[in-house]
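Atoms considered below: every heavy atom in the structure, side chains included; atoms not considered: hydrogens, waters and symmetry mates. Naming convention: chains lettered A, B, ... in sequence-line order (proteins, then strands); numbering from 1 in each chain.
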Amino acid sequence: MDHLAQLMLIAVSAAFINNFVLHYFVGICPFIGVSRKVDMAFGMGCAVTFVMSIAALLSWTFTYFIGRPGAPLTMWLWRLVAPGSTAVLDLSILNYIIYIFVIAASVQFVEMYLRKFFPPLFKAFGIFLPLITTNCAILFACLEIMKHVAGAADPGLVWGLDKSLTLAAFGGIGFALAITIMAGIREELEACDVPKPLQGAGITLLVAGILAMAFMGFTGVDRGLETVIFGK
Amino acid sequence: MTSQGPTAAERFLNGIIPENPTLRQLLGMCPTLAVTNGVKPALTMAGATAFVLICANVITSLMRKAIKPHLRILVFTLTIATFVTIADRFLQAFMPEMSKVLGPYVPLIIVNCIIICRCEVCAAKQSVGIAAADAVGVSLGFTLGLGAISVIREILGSGTLLGLRVLPQAWPNWGIQVLPPGAFLTLGLILGFVNWYSGRRAARA
Amino acid sequence: MLTTTTVLAAAGVMLGLALAMCAVLGWASRAFYVAVDPRVEAAGAALPGANCGGCGFVGCNEYAEAVVAGADVSLCPVGGSSVAAALAAIMGIEIGESAPRRPVVHCAADHAMRLGRHEYRGEQTCAAANLVAGVQGCVYGCLGLGDCVRACAYDAIHVIDGLATVDYLTCIGCSACARVCPRNIITMIPFKTDRVLVVKCSNKDFGKDVSNVCKVGCIGCRSCTRLMGEVFKFDQNLPSIDYNVYDAELDVSKVIEKCPMASLVWVGTPTPRHRELTENEELPERVEADFRTTVDQAQWRG
């Protein structure tokens, strides 16, 4: 119960309070570029969520078992080489490279899989997949996981797969939410009279700013939830 | 093979204002919005990006004959990731407070569209000299863009510039400028201004 | 010791992961192999890639697939006859000569020529103005509120003095304007040469009824049909040019002279002689419609 509550807190925080787009500014490029029509935006959001989850799974596995100081596999190797040493073999320097590798490979894999087994789905959001490879949002999710796995202060606080997947999945859902709302607003804006210098990027960023202000209203919800659930 | 296109000097100057990555090409939005709440983090980020961009461009240019076309994005990205790791470790070691402020945005330089775009468009096809000049020009342009936004945000948001107080103590700090919405609003308005100004110049010309 | 092991272990891990991923992706590319007709890729390469939708399909890839499935090869307005020939070669079929199609606005009346205009304060779109009576005398002609301008993604049509005018130097022939015009007065005409003769009127009324609402509308006098019956077909008080018969070589000067309302007009790109003649003249300014909307034309590369 306690554990589930923690997961819920992570989920709510990733989706609303620390929304990837509106709070952390990742994934701005597709946010501005793909948010013109609601159905395209929703497709992009789904694609990002899907890829984020897969990438989180793979990068957590790498970071937990190899990419952190004192990881099981590296320590096993170290003990083979220098049995009595108290030093810790740290391969976390590889993390960034491995993450980007993993993201690119998983996007490629997902694209091939979709093309073969779900052609209509592939037609719907297959075009977004190559765009997602260099999307900051996916890498950011992996980095957040790295922060809590490799950068955890003490071993008891290292995040397991459940927390990492929750963060990634709900971060993606938060991104999808923000981009869909943005698309809805922009569709309405098409009937409005925007001054010429602000047309396109300018007005989109201004609306994003107002949307970010709206999402700021969620600040403190996690504290409140903690108080309610854990009675602190 | 060098094309008959712009010379090194022209590429250098091109990247600063005419094809400014932040305000004209609208690339690399993520760090632009994230780290510009103070001038110091903005300039640090610009410096780190410059380092990665120049090194990546040079290496890509040296390797350009050996890369297979369908693997090129992956090769660029891996090269960039290597240099970003170096830059990140450097910052952690020698500028720890800045590293904390910049946080996860330094590794996000890996997927900064500016760098991949320059590698793809310029470095993969040009000689080392031209690629390097292009990188330096674009880095200066990026610094200019980040600098402009961060100056506005820091002065309005904290009344300081690089930590030195420039507005009187009585200035009510515009909290919104230090927070995410301020980034969006400031950038949107600056873009509007840039568009308006270039529209006027084009009309007069 | 630690450093050496770290470096070697790092290299080993990278190598191992690279091999593992190559193996997985290699397996996947065979296991998930989707047999794609190579002609689809060849057709896709032959198409211009503008994704304008002028062929009637969503994007060039869709059209490439449709061509391989048997669609007409000459539907691409941007690529024109060269692309049609390339597609025909890929599909192994023969095609005849085809000419690029460009839009022609069948109305010649700008604000000064239109009679019976009243101030219209409704929604400033042609589709809306078309629904109400009294906006202008002529119920067939151009309203000039710019639906076609907004539909054009290539900035090739503008409303000048209340009349939609095509810029033939910019137009690629995607027919978006023709589809969106609520009065259906823009048609796509094959331009076998740079300039063709068109009938610049859509008014199906006769005589006085036309001259009461427009100074340059066709009154249906039939002079053109009488002089060149095989080219000009007459229907409902309005002539139309049969472009299968129309040829650049035809001498149409007599017909143009005879037309009392100057409804027969050359449209297309100006000839070098005309360009020379108007070199020193001050040509009218492009008047932008002053109600802008946020149709987003920015190219995002984010």
Side-chain angles (χ1 to χ4, degrees), chain A residues 18-33 92-101 103-105 108 130 132-144 146-147 194-216 219, chain B residues 23-24 26-36 71 73-74 76-89 103-113 115-117 120 175-177 179-200:
Chain A
N18 297 328
N19 185 293
F20 277 16
V21 180
L22 299 171
H23 184 87
Y24 283 127
F25 306 111
V26 285
I28 297 286
C29 311
F31 180 68
I32 296 182
S92 58
I93 198 146
L94 288 180
N95 277 336
Y96 300 157
I97 303 178
I98 298 293
Y99 292 158
I100 205 74
F101 220 178
I103 294 171
Q108 188 72 6
I132 296 179
T133 312
T134 51
N135 187 352
C136 341
I138 318 275
L139 186 61
F140 182 76
C142 296
L143 291 173
E144 281 287 296
M146 179 183 94
K147 194 168 79 174
V194 178
K196 194 159 191 298
L198 281 177
Q199 282 176 12
I203 195 67
T204 312
L205 286 168
L206 291 176
V207 171
I210 299 176
L211 200 54
M213 274 197 269
F215 269 67
M216 266 171 63
T219 320
Chain B
L23 300 173
R24 296 244 120 197
L26 295 164
L27 297 175
M29 291 275 105
C30 305
T32 312
L33 293 166
V35 306
T36 44
L71 285 180
I73 300 281
L74 197 62
F76 298 157
T77 322
L78 290 176
T79 318
I80 297 169
T82 316
F83 286 111
V84 168
T85 315
I86 298 175
D88 187 35
R89 291 293 163 129
Y105 296 103
V106 176
L108 284 180
I109 299 176
I110 302 176
V111 285
N112 191 332
C113 320
I115 307 184
I116 297 195
C117 185
E120 162 93 5
I176 202 82
Q177 283 293 3
L179 294 168
F184 285 114
L185 296 171
T186 314
L187 183 59
L189 290 172
I190 289 185
L191 275 175
F193 174 73
V194 166
N195 285 342
W196 171 80
Y197 184 69
S198 38
R200 279 195 59 172

note = On a heavy-atom basis, the closest approach of Leu198(A) and Gly192(B) is CD2-CA, 3.7 Å

query = Is chain B contacted by the side chain of Ser92(A), its backbone, both, or neither, given a heavy-atom distance below 4.5 Å?
reply = both

ask   = Tell me, do Phe193(B) and Pro197(A) make a side-chain contact under 4.5 Å, heavy atoms counted?
value = no

ask   = If you count heavy-atom pairs under 4.5 Å with chain B, which of Leu139(A), Val207(A), Ile210(A), Leu205(A) comes out on top?
value = Leu205(A)

ask   = Could you state the interatomic distance from CD1 (Ile97(A)) to CG (Leu78(B)), rounded to the nearest 0.5 Å?
value = 7.0 Å

inquiry  = Can you tell me how far apart CE (Met213(A)) and CG (Leu185(B)) are? Round to the nearest 0.5 Å.
reply    = 5.0 Å

request  = Against chain B, work out which of Asn95(A), Ile93(A), Leu211(A) has the most heavy-atom pairs shorter than 4.5 Å and name it.
outcome  = Ile93(A)

request  = Working to the nearest 0.5 Å, report the span between CD1 of Ile80(B) and CD1 of Ile100(A).
outcome  = 9.0 Å

ask   = Roughly how far, to the nearest 0.5 Å, is CD1 of Ile176(B) from CE of Met216(A)?
value = 5.0 Å

Which atoms of Leu143(A) approach chain B - backbone, side chain, both or neither, heavy atom under 4.5 Å = side chain

Contacting moiety of Leu187(B), where chain A heavy atoms sit under 4.5 Å = both

message = Can you confirm whether Asp88(B) sits close enough to Tyr96(A) that some side-chain heavy atom of one is under 4.5 Å from a side-chain heavy atom of the other?
response = yes

Contacting moiety of Tyr197(B), where chain A heavy atoms sit under 4.5 Å = neither

remark   = Assert top hit (heavy-atom pairs under 4.5 Å, partner chain A, pool Gly103(B), Ala81(B), Pro107(B)) equals Pro107(B)

request  = With a 4.5 angstrom heavy-atom cut-off, could you sort out which part of Leu33(B) is near chain A: side chain, backbone, both or neither?
outcome  = both

Please output the side-chain donor-acceptor pairs of residues 20-29 of chain A that fall under 3.5 Å, not counting sequence neighbours, one pair per line with the distance.
none

inquiry  = Do Leu189(B) and Leu206(A) have side chains that approach each other closer than 4.5 Å (heavy atoms only, starting at C-beta)?
reply    = yes

task = Working to the nearest 0.5 Å, report the span between SG of Cys136(A) and CG of Asn112(B).
result = 7.5 Å

